[in-house]
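Below, read A as the first sequence line, B as the second, and so on, with proteins coming before strands; counting in each chain starts at 1.
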Amino acid sequence: MTATNTLAGPVNPGSWQYRQLNARAPGLSYLSDALSALVEDGHPVMAGTADLQYSNGLARFAARYPDRFIQFGISEQNMVSAAAGIATTGVMPFVATFASFLGLLCCEQIRMDVAYSALPVRLIGHHAGIALGFYGTSHHATEDLAIMRSIAGLTVVNPADGPQLAAAIKASADHPEPIYFRIGRGQEPNVYDDLPDFRFGKAIEHETGTDLTIIACGTMVHPSREAVRALRASGLSVGLIDMHTIKPLDRDAVLAAAERSRIILTVEEHNILGGLGGAVAEVMAEAGTKAVLIRHGIRDEYSLIAPPTHLYRHYQLDAAGIETVVRDILA
Amino acid sequence: MTATNTLAGPVNPGSWQYRQLNARAPGLSYLSDALSALVEDGHPVMAGTADLQYSNGLARFAARYPDRFIQFGISEQNMVSAAAGIATTGVMPFVATFASFLGLLCCEQIRMDVAYSALPVRLIGHHAGIALGFYGTSHHATEDLAIMRSIAGLTVVNPADGPQLAAAIKASADHPEPIYFRIGRGQEPNVYDDLPDFRFGKAIEHETGTDLTIIACGTMVHPSREAVRALRASGLSVGLIDMHTIKPLDRDAVLAAAERSRIILTVEEHNILGGLGGAVAEVMAEAGTKAVLIRHGIRDEYSLIAPPTHLYRHYQLDAAGIETVVRDILA
Amino acid sequence: MPTTAIAGPAPDPMGAGRTLTPEFLAPETPTPETIAHLEERARHVRLETIRLIAIAKVGHYSSTFSCAELFATLYYDAMRLRHGEPRWPDRDRFLMGKGHAAVGLYPLLADWGFFPKELLDGYTRLGNPLGDHPDMTKVPGVDFSSGSIGHALSAGLGMVMGGRMMGRRFDVYVMLGDGEMQEGQVWEAAMAAAHQKAGNLIAIVDRNGYQLDGQVDEVMGIEPLADKWRAFGWEVHEVDGHDVAALATLFRRLKQDKTRRKPACVIARTLKGKGVGYMEREAGWHLGYLAPEDEAAAIAEIMGQPAGSAILQGDAQ
Amino acid sequence: MPTTAIAGPAPDPMGAGRTLTPEFLAPETPTPETIAHLEERARHVRLETIRLIAIAKVGHYSSTFSCAELFATLYYDAMRLRHGEPRWPDRDRFLMGKGHAAVGLYPLLADWGFFPKELLDGYTRLGNPLGDHPDMTKVPGVDFSSGSIGHALSAGLGMVMGGRMMGRRFDVYVMLGDGEMQEGQVWEAAMAAAHQKAGNLIAIVDRNGYQLDGQVDEVMGIEPLADKWRAFGWEVHEVDGHDVAALATLFRRLKQDKTRRKPACVIARTLKGKGVGYMEREAGWHLGYLAPEDEAAAIAEIMGQPAGSAILQGDAQ
Ligand SMILES: Cc1ncc(C[n+]2csc(CCOP(=O)(O)OP(=O)(O)O)c2C)c(N)n1
Ligand SMILES: Cc1ncc(C[n+]2csc(CCOP(=O)(O)OP(=O)(O)O)c2C)c(N)n1
Ligand SMILES: [Mg+2]
Ligand SMILES: [Mg+2]
């Protein structure tokens, strides 16, 4: 192709624009591919987004199944209520937008039209936590777990990676309740291989330990696993649980860990109030466990802005940070 | 006045209509009167509501200070964001609507425009909990404490009655943070006399006990007090704390109670997940208290419909119900 | 269905100088028998509303009275329904943005055999499914739950989209309050419905002029309302919302027009409290309670009798 | 301020056959010097945008380019501001619904002495106050925080209401994206502003035709946009958003008209990506990153030079 002056675009491999996001965030493919697999299995799936099809990778699904894709434009609340209406007709709608807008802006629509109405809508809140770095607080979601957890009749899932998201989506075909999926930005390293075992409400124990057990969810499972490896290598008895389902919480897993370990450390990309830490606290306080709880995450503040990896380092939410937090606790 | 046929209205004293609500819910006067007192003290107060001036009694304030009142119509989100804009000009805005719409529908506007923007907006969520009885779930708010508590930089207050609300509003004049006030329907019996002592974040201890301490908030303080009286009269050592400020939570009060009592029972007109019970659980689990926690409230479900008093009875959220809950625990 | 032509413009009972457009005088007009039946059903809505609110001891009288003819025309003329089959997949759907008028809908759903009529007698009592706002998980025949004003048009649009994907053709009627026009989500849904060419979506605005705190124009003006809907890509029809003949004619035409690619908005001019004189004149009756004697007078007025002496005992409030 | 009459309709650089209405040719037109200055400032916005995004390694090029002339005209001609006094109570306010274009605003705020220019060099770095979206608690001169599309018009209306109560008269300018028109809260605020007769509220729609996922008309059509605003009670002006003379004239007239009781909406026809050819033609540049060589070519094009050879090295994407 001969490039003319006005039509020419950038040519350097380092340059990129929005529609090329998928190439830069390979984790974005899991959502579309998992939905496509449901379609292939004969499920009446429909997907929708609110002007973010490249951010969440649904463009890939839309290209494949244009008749099963609805573009809602920048009207998230309309999208959620419409998804509920769609669900009344026997269709299984999946709607996705940034977790800040889904989990906060649409909170009342989720309660009224989805959860209270008991309709099997699947909500995908992506770029949760502080994954949007210097986009700032409007695009951060460090409250969504607390909010979604307070809504009766809603399953709340925070997969650790793309393969687990895919497994959860597959499992959702038989799940009667509406579901809030909280996911990252598609650039997280994988914890699991393709389509790992997944059961709603059944935590995954990676390691057991007597000194301390980390209970982590979502994007924090991978760095926690790295940290646990290093800690164990240096002789500390540290366990790790992937608490992918925040609600219903796997009480037994929490109590078993609290029986075994002196300390439970929750690690979440979320406010330490009301989210995973809050859910675990409720179980522990009611059971009167001997173990004490320490909550690690965003300490009830608005995150600074910076590129995501800088923020993870700053808030000790990367492997090194989590390792330091544990060492300081056990020191 | 001679009544003609077409102009005549009902004449029987039992008949009433919406504009006469204030007469039926005398507690509705506290809000308007407290705001009027602030105006008289020279504070640049402005009040607004979203088509509910008779439900929250602000009609009374509006009649007195029409230039300080804004009617937003049925657009709660616009109201909250506009209140934030108003606050940037040095005015102290109070905006009120049903807690279900304020705490849920406006949750993202509260985070973005009020809390993150650190503007001294005062939000009044009234008819919280299940106070709207057979209006049903759309008008119930059993999630708002959990939601508001997850938002950084927001003070969350749940006064026990009108006098305490008035005291909190008075105290708010010097409070730098935005505040979410969660109140009832104006028909609750008073716990306190006029303008009781009030300090944000400082719980009020009514009774101390070794068997069990009730930590209650909002509308649950009154029936809890009745229950505690009956329980103490029958020889049980039961304490009572009015935890009017849900955030920042009075940790010291929780820990002192947990030191003293075997059991802490939280009582709230709210989901037992994430609200007062959740906040107390976080403190107890992290401190590793010997006391165990039991949470009483709405058990993560959508309330039945019925007149409010019937619901309070059904969910054991009246004095008799709370007393039974405690007796069952201590049996 | 046999049709009868109406001779000329129907008189406007609201006396506001409006006349019905020719659209409402088209061939597909209802018979006098149908008209009488619909009027009787509207009266039934009002009477049942009074009866049920007496059980609850508080309720939305005037909001329900303003849409009684709309309920009657939709449920006994316009909508495709099957007796006793509330979940028939091809049924027309009905959603209420103004869910607080559900008390007037329940009797019709019972009439359609969607649930036993006896349930009505326990309206709002503990354990009964019938509340002030409709709950689709509890009440057969309620197509969508509501109570939070502003969601219904979105949900209705969703039904259109879902039906489209499932290859079903049904019409979706969404009744909205005029105060509801102030909720932004309504306009999100309106824009999206036009964009999606949801020709089988019909919004009905109960333009009764009042909301909770008073006159809509004073609380938060919404005019020019027809221009708003048109600018959002809708076909707009204005009609006298208490004239069952005009309503039936309009809804029949809308149903027959299968070529319409725009969603249709029906602005129904109504009186809030229609049928009980003092309610038509006092905004407060949005919510309230009538003691038995006042109730009797209201019933008498609705039954077409001059209002009784009870009303004349004392001063008007 | 000296005025110069423009001889005839300014040519429409967008070539869409639009001509400026007589309003824009009124006496209060800017001098050629002013025009040149504003154009230079718009170029400055574009160049700084490129420089700052290079620090962040990702950013909103084309969203900022479409409103560069709007930024320049507002901050160097229309708005009443005081150098070094970001919190002057009588200043005009500026809010961004499209907060993602803040990268183009920061250089102007620095220029006004609201914060040290050096802060720009740390754009988006840990500890720096300047992020992709503006934060009023961190950045002096930012009148309101944003990032969640749809809130700004409400907040701007609040400022009008607060100013009214405090007895201050200032104008409030709110810049909105055209995709933003899809957010319902915008229409809540629009309705309320007309109801409140907020004559000193000016909404500016950057009608660049694109949003994140593509063309606005395809994603979720918003036309007829002027009709929408008019039906919501606003005075509407349409203008070429890259013609600083037209913009300055319009904003001057709006400021001088103290009798206006309606809020005013300026629909600014713009090109998304204006100034860099391929960005004007490829929606993807809403968000992206230019490697240094491509950056150099873009800068050259903005500076008025024909795009350099770097662009011709390979195939267009
Ligand atoms: C989101 C929301 N805000 C407030 C209310 C409280 N509310 C119930 S009815 C009503 C007024 C409705 O007026 P309109 O839409 O005109 O309905 P009408 O009863 O006049 O038909 C309000 C504000 C509500 N139900 N939902
Ligand atoms: C409430 C909300 N939803 C989604 C987004 C993500 N988002 C950022 S920019 C954008 C597109 C904006 O398009 P437009 O309003 O036309 O602005 P432009 O950049 O074209 O000027 C979207 C959807 C957001 N910031 N806020
Ligand atoms: Mg009305
Ligand atoms: Mg745009």
Side-chain angles (χ1 to χ4, degrees), chain A residues 1-21 24 49-56 58-59 62 70-79 81 98 100-101 104-105 132-140 302-307 309-311 313-315, chain D residues 56-57 61 99-100 123-135 145-150 177 179-184 211-214 216 218-220 277-295 297-298 306-307 310-317:
Chain A
M1 176 184 166
T2 47
T4 72
N5 202 9
T6 50
L7 283 175
V11 294
N12 292 288
S15 297
W16 62 274
Q17 43 92 339
Y18 184 54
R19 298 194 177 200
Q20 296 159 337
L21 258 191
R24 302 180 59 78
T49 190
D51 202 21
L52 285 174
Q53 62 171 326
Y54 299 99
S55 295
N56 52 38
L58 279 179
I70 303 183
Q71 171 60 263
F72 285 94
I74 317 178
S75 60
E76 294 80 4
Q77 298 179 322
N78 179 52
M79 175 170 79
S81 298
F98 288 144
S100 57
F101 305 130
L104 279 85
L105 184 58
L132 278 165
F134 52 71
Y135 284 62
T137 293
S138 61
H139 285 62
H140 292 171
Y302 293 107
S303 159
L304 295 174
I305 51 144
T309 50
H310 299 206
L311 290 181
R313 194 184 319 130
H314 178 79
Y315 290 105
Chain D
K57 293 215 163 50
Y61 292 107
H100 53 281
Y123 174 66
T124 69
R125 299 300 94 180
L126 190 69
N128 187 285
L130 308 174
D132 188 85
H133 298 98
D135 181 335
S145 303
S146 68
S148 179
I149 288 174
E180 184 165 13
M181 302 295 99
Q182 296 151 2
E183 280 290 357
Q211 55 191 108
L212 255 178
D213 281 354
V216 174
E218 283 169 15
V219 168
M220 176 63 67
Y278 55 82
M279 290 194 185
E280 296 175 3
R281 286 166 188 82
E282 166 54 58
W285 289 101
H286 179 100
L287 197 74
Y289 171 68
L290 290 177
E293 299 83 345
D294 294 322
E295 193 188 296
I311 287 181
L312 298 174
Q313 282 169 7
D315 284 349
Q317 296 200 349

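- The two atoms that bring A:Gln53 and D:Asp213 nearest to each other are N-OD2, 2.9 Å, heavy atoms only.
- Note that the CZ atom of A:Phe98 and the OG atom of D:Ser148 stand 11.0 Å from one another [nearest 0.5 Å].
- Contact of D:Glu280 with chain A is not made at all, since no heavy-atom distance falls under 4.5 Å.
- Using a 4.5 Å cut-off between heavy atoms, A:Phe101 contacts chain D through its side chain alone, with no backbone atom that close.
- In this structure, the separation between OH on A:Tyr18 and CG on D:Leu287 is 7.5 Å, given to the nearest 0.5 Å.
- Interface remark: D:Pro129 contributes backbone atoms only to the contact with chain A (heavy atom separation under 4.5 Å).
- Only the backbone of D:Ser146 comes within less than 4.5 Å of a heavy atom in chain A; its side chain stays farther off.
- Residues A:Gly14 and D:Tyr289 approach most closely at O-CD2, 3.4 Å, considering heavy atoms.
- Contact annotation: the side chain of D:Glu183 never approaches that of A:Gln77 to less than 4.5 Å [non-hydrogen atoms, C-beta and beyond].
- Among all heavy-atom pairs drawn from D:Leu126 and A:His314, the shortest one is CD2-ND1, 3.9 Å.
- Ring geometry for A:His139 versus D:His133: interplanar angle under 30°, hence parallel rather than tilted (30 to 60°).
- Among the candidates D:Val216, D:Leu212, D:Val219, D:Asp132, the residue making the largest number of heavy-atom pairs closer than 4.5 Å to chain A is D:Leu212.
- For A:Ser15 (side chain) and D:Ala291 (main-chain N/O), a donor-acceptor pair under 3.5 Å exists by modelled atom type.
- The distance from the CD1 atom of A:Ile305 to the CG atom of D:Leu130 is 7.0 Å, given to the nearest 0.5 Å.
- Note: A:Gln17 CD to D:Tyr278 OH = 10.0 Å, rounded to the nearest 0.5 Å.
- Expressed to the nearest 0.5 Å, how far CD of D:Glu180 lies from OG of A:Ser75 amounts to 12.5 Å.
- Taking NE2 from D:His286 and CZ from A:Arg19, the interatomic distance works out to 11.5 Å, rounded to the nearest 0.5 Å.
- A:His310 is listed as a side-chain neighbour of D:Arg125, based on a closest heavy-atom distance under 4.5 Å.
- Residue contact with chain D, scored on non-hydrogen atoms closer than 4.5 Å, involves the side chain of A:Thr49 exclusively.
- Proximity to chain D is absent for every atom of A:Leu104, based on heavy atoms less than 4.5 angstrom apart.
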